[in-house]
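Have a look at the structure below before the remarks.
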2 protein chains.
Amino acid sequence: MPKIVNHEERKALIAKSTWNVIARDGLEGASVRSIAKEANLSLGAVRHYFNTQEELLEFAMGLVEEQVTERIMEHTKQPQPPKQLVLNMLMEFIPIGNRTIEMQVWLEYISYKLRKKELREDSVHQGMLSMMTQLNENGLLRKDINMEEETIHLHALVDGLALHILMGLVKLDENRIRLLIERELDRIFT
Amino acid sequence: MPKIVNHEERKALIAKSTWNVIARDGLEGASVRSIAKEANLSLGAVRHYFNTQEELLEFAMGLVEEQVTERIMEHTKQPQPPKQLVLNMLMEFIPIGNRTIEMQVWLEYISYKLRKKELREDSVHQGMLSMMTQLNENGLLRKDINMEEETIHLHALVDGLALHILMGLVKLDENRIRLLIERELDRIFT
DNA sequence: ATTATTTTAATACAATCGTATTAAATAAAA
DNA sequence: TTTTATTTAATACGATTGTATTAAAATAAT
């Protein structure tokens with residue numbers, strides 16, 4: 001008999017307001033009050049959905065990983081040559097347009113989990129490993145390469161590129177970045 | 001006629017205490033009070049050397065870049081084959097041992113400057129560019145490579161590796177990391 | 001229309017924050 | 001020893017913080 005409010009949607013809305021606050025004022029500026037203001041909600045309203053600030057921040061930051069993963073998986077629904085598929089998936093890491101805020105929050109997330117010492121696993125890296133394994137099992141990769149090394153190499157390159165683009169060091173347009181990564185894929189694909 | 005206290009040394013000591021606080025509690029935990037406590041100084045003492053919290057934080061975070069640059073330049077004093085020199089310099093980016101804290105602070109620094117929109121230049125990347133140019137002028141690089149692309153590629157790889165090592169995703173020991181980067185250098189050296 | 005339950009709003013509280021002020025302590029120079 | 005500039009310590013102020021409490025408002029089911 002309550003006022004009908006979709007719980008999950010509302011939580012996501014608050015989370016995305018949290019992203020904006022974090023991107024603007026950092027984690028130290030992400031007070032419950034400032035987040036409520038950004039979301040156009042009262043302090044009590046926000047607290048109704050999240051019992052503590054920590055719970056809110058972890059939900060908001062965790063949602064980034066979830067959203068990125070989901071977006072990457074979308075590509076598998078569209079039939080395309082394996083190399084193009086991989087390339088399209090990897091391009092999802094590159095912060096362009098809206099995704100800039102996403103990566104800013106992700107950076108804060110890394111720092112946050114690092115000092116909480118809760119950073120031993122990473123679903124994205126796991127996904128990268130299983131993707132490479134699958135490519136290998138399908139005979140799409142060269143036989144003379146060290147799988148572990150190449151996975152590390154590829155992931156490092158993509159994340160490093162993403163970081164430098166975010167920092168504004170690299171001014172290449174989307175297409176040249178694509179070529180840069182494709183060249184790396186050519187090194188390991190048959 | 002004052003009590004003799006080396007101003008620069010004292011500021012550096014406070015800065016390094018700031019690093020510890022940032023690595024432990026993040027930028028949001030880096031209050032003037034907590035920094036003073038970490039440095040075994042009074043609140044007033046810290047404020048004597050830094051007029052505002054912002055000034056202190058920027059000094060502390062900026063010192064990281066300074067220190068890394070200095071350490072990298074040390075290698076040029078020791079005569080060694082060009083490729084080995086470059087490799088040794090690049091390895092200074094990899095967070096091993098004490099350098100973990102350094103990179104944690106650097107990450108916060110990136111986020112900080114990013115939201116202050118003061119991140120258009122980076123002395124490290126500039127150094128990378130000039131290093132590559134110099135190698136090329138000495139005829140040590142292959143003629144058929146795109147200099148700009150290779151510089152971006154190499155820097156992204158090293159920083160990506162550094163980030164993933166910090167995150168605990170990559171468990172390779174120092175030697176294997178060295179080999180990974182060396183292999184990349186072999187691709188562009190004559 | 002009444003009831004039941006969720007959501008919002010208002011207010012309060014103790015703790016901590018950055019900053020400012022002022023006096024005390026310190027130690028080199030006179 | 002006295003003088004003097006530097007450094008430290010103590011304290012205070014207003015603002016903001018996370019959290020808690022409580023009552024009001026809103027609305028779907030009865």
Side-chain angles (χ1 to χ4, degrees), chain A residues 1-62 105 108-109 111-113 115-116, chain B residues 1-62 105 108-109 111-113 115-116:
Chain A
M1 309 119 180
K3 177 177 178 183
I4 239 171
V5 170
N6 185 324
H7 226 75
E8 290 309 308
E9 260 181 32
R10 178 57 65 92
K11 285 182 79 170
L13 182 141
I14 296 175
K16 288 179 186 183
S17 299
T18 306
W19 293 357
N20 292 334
V21 176
I22 289 177
R24 190 191 335 116
D25 304 319
L27 215 51
E28 67 268 29
S31 69
V32 183
R33 280 176 175 84
S34 64
I35 292 168
K37 191 173 183 182
E38 174 79 24
N40 275 319
L41 291 171
S42 72
L43 181 62
V46 172
R47 255 199 64 108
H48 178 70
Y49 294 97
F50 299 95
N51 284 319
T52 67
Q53 180 193 34
E54 193 181 6
E55 189 186 321
L56 164 54
L57 293 179
E58 293 198 353
F59 179 86
M61 294 190 291
V105 176
E108 299 273 3
Y109 193 30
S111 297
Y112 179 81
K113 291 215 291 186
R115 56 179 184 263
K116 290 234 164 189
Chain B
M1 307 118 178
K3 178 179 176 183
I4 241 173
V5 170
N6 185 324
H7 226 75
E8 290 310 308
E9 260 181 33
R10 177 57 64 93
K11 284 182 81 170
L13 181 142
I14 296 174
K16 288 181 184 180
S17 297
T18 305
W19 293 357
N20 291 334
V21 176
I22 290 177
R24 189 194 335 116
D25 304 318
L27 216 50
E28 67 269 29
S31 68
V32 182
R33 281 177 175 82
S34 64
I35 292 167
K37 191 173 182 180
E38 174 78 25
N40 275 319
L41 291 172
S42 71
L43 181 61
V46 172
R47 256 199 65 108
H48 177 70
Y49 294 97
F50 298 97
N51 284 319
T52 67
Q53 181 193 33
E54 193 181 5
E55 188 186 322
L56 164 54
L57 292 179
E58 293 198 353
F59 179 85
M61 293 190 291
V105 176
E108 299 275 3
Y109 193 30
S111 299
Y112 179 80
K113 291 215 291 187
R115 56 179 184 264
K116 290 234 164 186

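The chains referred to below are lettered A, B, ... by the order of the sequence lines, with proteins before strands, and numbering in each begins at 1. Side chains are part of it too, since the values below use all heavy atoms of this structure and drop only hydrogens, waters and symmetry mates.
- Checking the phosphate oxygens (OP1, OP2) of dT6(C), no side-chain nitrogen or oxygen of R10(A) falls inside 4.0 Å.
- The side chain of H48(B) places no N or O atom within less than 4.0 Å of a non-bridging phosphate oxygen (OP1 or OP2) of dT8(D).
- At dA9(C), one or more side-chain N or O atoms of S42(A) fall inside 4.0 Å of OP1 or OP2 (strictly under the cut-off).
- Distance, K37(A) NZ to dA9(C) C1': 17 Å, rounded to whole Å.
- Regarding E28(A), its CD atom lies at a distance of 16 Å from the C1' atom of dT16(C), rounded to whole Å.
- Residues H48(A) and R10(A) have side chains not in contact (no heavy-atom distance under 4.5 Å, counting atoms from C-beta outward).
- Rounded to whole Å, the distance from CZ on F50(A) to C1' on dT19(D) is 16 Å.
- One atom, CD1 of I35(A), and another, C1' of dT16(D), lie 15 Å apart when rounded to the nearest Å.
- Within 6.0 Å of NZ in K11(A) there are more than 12 heavy atoms belonging to other residues, nucleotides or ligands.
- Formation of a donor-acceptor pair under 3.5 Å by the Q53(A) side chain with backbone atoms of A30(A) is found in this model.
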- Message: Can you build the contact string for nucleotides 18-24 of chain C? Use B for base contact, S for sugar-phosphate-only contact, and - for no protein heavy atom under 4.0 Å.
- Response: BBS----
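- Rounded to a whole Å, the CG atom of L57(A) is 13 Å from the P atom of dT17(D).
- One N or O on the side chain of T18(A) and one on the backbone of I14(A) form a donor-acceptor pair closer than 3.5 Å.
- The main-chain N or O of K16(B) is never found under 3.5 Å from a side-chain atom of E38(B) such that the two would form a donor-acceptor pair.
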- Task: Please test R115(B) against Y112(B) for side-chain contact (heavy atoms from CB on, under 4.5 Å), starting from the C-alpha separation and ending with a verdict.
- Result: CA-CA 6 Å; R115(B) 56 179 184 264; Y112(B) 179 80; 4.0 Å; yes
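- For the OP1/OP2 pair of dT6(C) and a distance below 4.0 Å, the side-chain nitrogens and oxygens of Y49(A) include no atom meeting the criterion.
- Proximity of a side-chain donor or acceptor of S34(B) to a complementary backbone N or O of G29(B) within less than 3.5 Å is detected.
- Distance CD1/I35(A) to CG/D25(A): 10.5 Å, rounded to 0.5 Å.
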- Task: For DNA chain C, produce a single dot-bracket line, 5' to 3'. Pairs: Watson-Crick or G-U wobble, both distances under 3.5 Å. Symbols: ( ) within strand, [ ] crossing, | other strand, . unpaired.
- Result: |||||||||||||||||||||||||||||.
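- G62(A) and Y109(A) get closest at one heavy-atom pair: CA-OH, 3.9 Å.
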